[in-house]
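Treat the numbers as computed from the prediction; the structure is a model and nothing was measured.
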Amino acid sequence: MLRYLVDQSDLLHSRFALSPSFELENLLRWFDGTDRHGPRTPGPAARLRPAFEHLRRTDPAMRALLALHHPHGGADFVAPPPTRAALQTIDDDLEVVRSVPLAIARAEIAACLAARPAADPDAREVLASPDVTALLADGLRRAWDALLAADWLQLRAICERDIVYRSGLLARYGWAAALDGLHSRVRWRGDGIEVTRIADREVVVGGRGVTFIPSVFIWPSIAAHSDDPWERAIIYPARGVADWWGAPAAPPSAALAELIGRTRARILVALREPASTTQLAHALSLPVGSAGDHLRALRRAGLLDATRSGRAVLYHRTPLGDLLAGAGA
């Protein structure tokens, strides 16, 4: 069991954040079979597999990235914990990868190759290069552009919704409530945060706080950063991952559509988790201006409320909206 030892200072500095590079890394692990968990119905991932196979055949940097995967982990420096809050971008992550000291990259690469030696000579050449961090960052950029760039808006929306939900629990009830239900393997106990079925050790957080990162692709598992020089982090499955894996909300009933209009009924039912105007417009194939008009009308009617998350305003159902959506779904 991994146990993070936290004090009051750590609680003040702990936060929720996004990690684009971790989403990419976990998608790659899912594709190459390192992580055999995941949904039985692959949904949109099946659409992305041909692009992944093309990269694996043609890009030595991709094969080098895959060579760092083993069943018990991988290289932390290719998916670093986020340095910013919810607005973290893939460019932020790749800047960190490029700036990793060569000694740290070499040590992590050696540990990964000791766990699973690389058979591909082109991959070994990339990993032995003095420019390895730049080469791998370039490979991650090509993988991002081919696999996730087009879907990032929806993936980010799922993770942001989770952050809004847990931040609300944190503001109202404290960290114990915010972590409740995070994952069956995470628990708050005494002066520590415990993660079961991960390396048996205690880690002193030391006033830096713990970063909690929702992820679409980690489901149903969990991961953690606990080694120096990286920030302490726990990566857990975001709420609402079924929205991406192919289980959309049930359509609204005819009665609800007749009561408030078909488009507003669709919006109300779709807001199982908080979302921004742009996210809803993308998910429901609506013009952004039209989606905004409907959201404002639903809010004036007392069916929605709104919370700011970074630069975005996320709408969520009120108790009355929950009742109406539940009755109309």
Side-chain angles (χ1 to χ4, degrees), residues 16-32 35 37-39 41-52 55 65 78-94 97 140-167 182-183 211-223 233-249 270-286 288 291 309-316:
F16 291 92
L18 300 182
S19 176
S21 65
F22 199 90
E23 291 298 81
L24 177 60
E25 175 71 358
N26 269 282
L27 179 63
L28 296 180
R29 291 176 67 88
W30 191 76
F31 274 143
D32 76 1
D35 286 341
H37 299 296
T41 303
R47 153 175 65 81
L48 302 176
R49 184 171 285 280
F52 166 77
L55 285 170
L65 288 162
V78 299
T83 56
R84 299 172 61 188
L87 297 178
Q88 184 89 359
T89 68
I90 189 63
D91 292 323
D92 296 325
D93 288 342
L94 295 183
V97 174
L140 288 167
R141 165 54 75 181
R142 290 188 290 273
W144 176 267
D145 291 342
L147 298 174
L148 285 188
D151 288 302
W152 179 237
L153 181 64
Q154 186 177 1
L155 296 170
R156 188 183 70 187
I158 294 170
C159 294
E160 284 180 338
R161 292 175 187 183
D162 182 279
I163 289 174
V164 168
Y165 170 77
R166 298 205 175 275
S167 297
L182 194 81
H183 195 279
T211 302
F212 297 92
I213 305 169
S215 168
V216 172
F217 296 110
I218 195 69
W219 184 88
S221 191
I222 196 166
I234 295 174
I235 303 95
Y236 64 92
R239 293 161 50 90
V241 294
D243 288 350
W244 199 80
W245 287 109
L271 279 171
R272 293 177 291 178
E273 306 291 344
S276 70
T277 303
T278 303
Q279 291 159 2
L280 275 170
H282 178 80
L284 299 179
S285 299
L286 296 172
V288 173
S309 175
R311 297 177 185 174
V313 175
L314 301 186
Y315 291 87
H316 56 90

Rounded to the nearest 0.5 Å, how far apart are CG of L94 and CG of L140?
-> 6.0 Å
Reported CG-to-CZ distance for the pair L148 and R156, which is rounded to 0.5 angstrom = 13.5 Å
Starting at CD1 of I163, measure out to CG of L314 and round the result to the nearest 0.5 Å.
-> 9.5 Å
Counterpart residues, ring-ring contact (aromatic ring centres under 6.0 Å, His included), relative to F31 (two or more places apart) = F52
Hey, could you give me the CG/CD distance between L18 and E160, rounded to the nearest 0.5 Å?
-> 5.5 Å
To the nearest 0.5 Å, atom CD1 of I234 lies from atom OG1 of T211 at 10.0 Å
Search all heavy atoms of A79 against all heavy atoms of E25 and return the closest pair with its distance.
-> CB-CB, 4.0 Å
Got V288 and T277 here, is their nearest side-chain heavy-atom distance under 4.5 Å?
-> yes
Looking only at heavy atoms, which two atoms of W152 and P20 are closest? And how far apart?
-> CZ2-CG, 3.7 Å
Can you name the side-chain contact (heavy atoms from CB on, under 4.5 Å) partners of A223, sequence neighbours left out?
-> F22, I218, I235
Flag, side chain of E23 to backbone of V216, donor-acceptor distance under 3.5 Å | yes
Of all the heavy-atom pairs spanning A281 and A291, show the shortest one and how long it is.
-> CB-CB, 4.0 Å
Output all residues satisfying ring-ring contact (aromatic ring centres under 6.0 Å, His included) with F212, sequence neighbours left out; order by chain, then residue number.
-> F16, W175
S19 and Q88: side-chain donor and acceptor closer than 3.5 Å?
-> no
How far apart are the closest heavy atoms of N26 and F217, and which atoms are they?
-> CB-CB, 3.6 Å
Indicate the atoms forming the closest heavy-atom contact of A143 with L55, along with that distance.
-> CA-CD1, 3.8 Å
List the steps, then state whether side-chain contact (heavy atoms from CB on, under 4.5 Å) holds for L286 with L280.
-> CA-CA 8 Å; L286 296 172; L280 275 170; over 6 Å; no
Side-chain contact, heavy-atom cut-off 4.5 Å: I90 with S21?
-> yes
With rounding to the nearest 0.5 Å, note down the distance linking CG in L27 to CG in L48.
-> 6.5 Å
Indicate yes or no: at least one non-hydrogen side-chain atom of D92 is less than 4.5 angstrom from one of P82.
-> no
Closest non-hydrogen atoms of D162 and R239, given as atom of the first, atom of the second and distance, are OD2-N, 3.0 Å
Indicate yes or no: at least one non-hydrogen side-chain atom of S276 is less than 4.5 angstrom from one of Y315.
-> no
Would you call D151-R47 a salt bridge at under 4.0 Å N-O?
-> yes
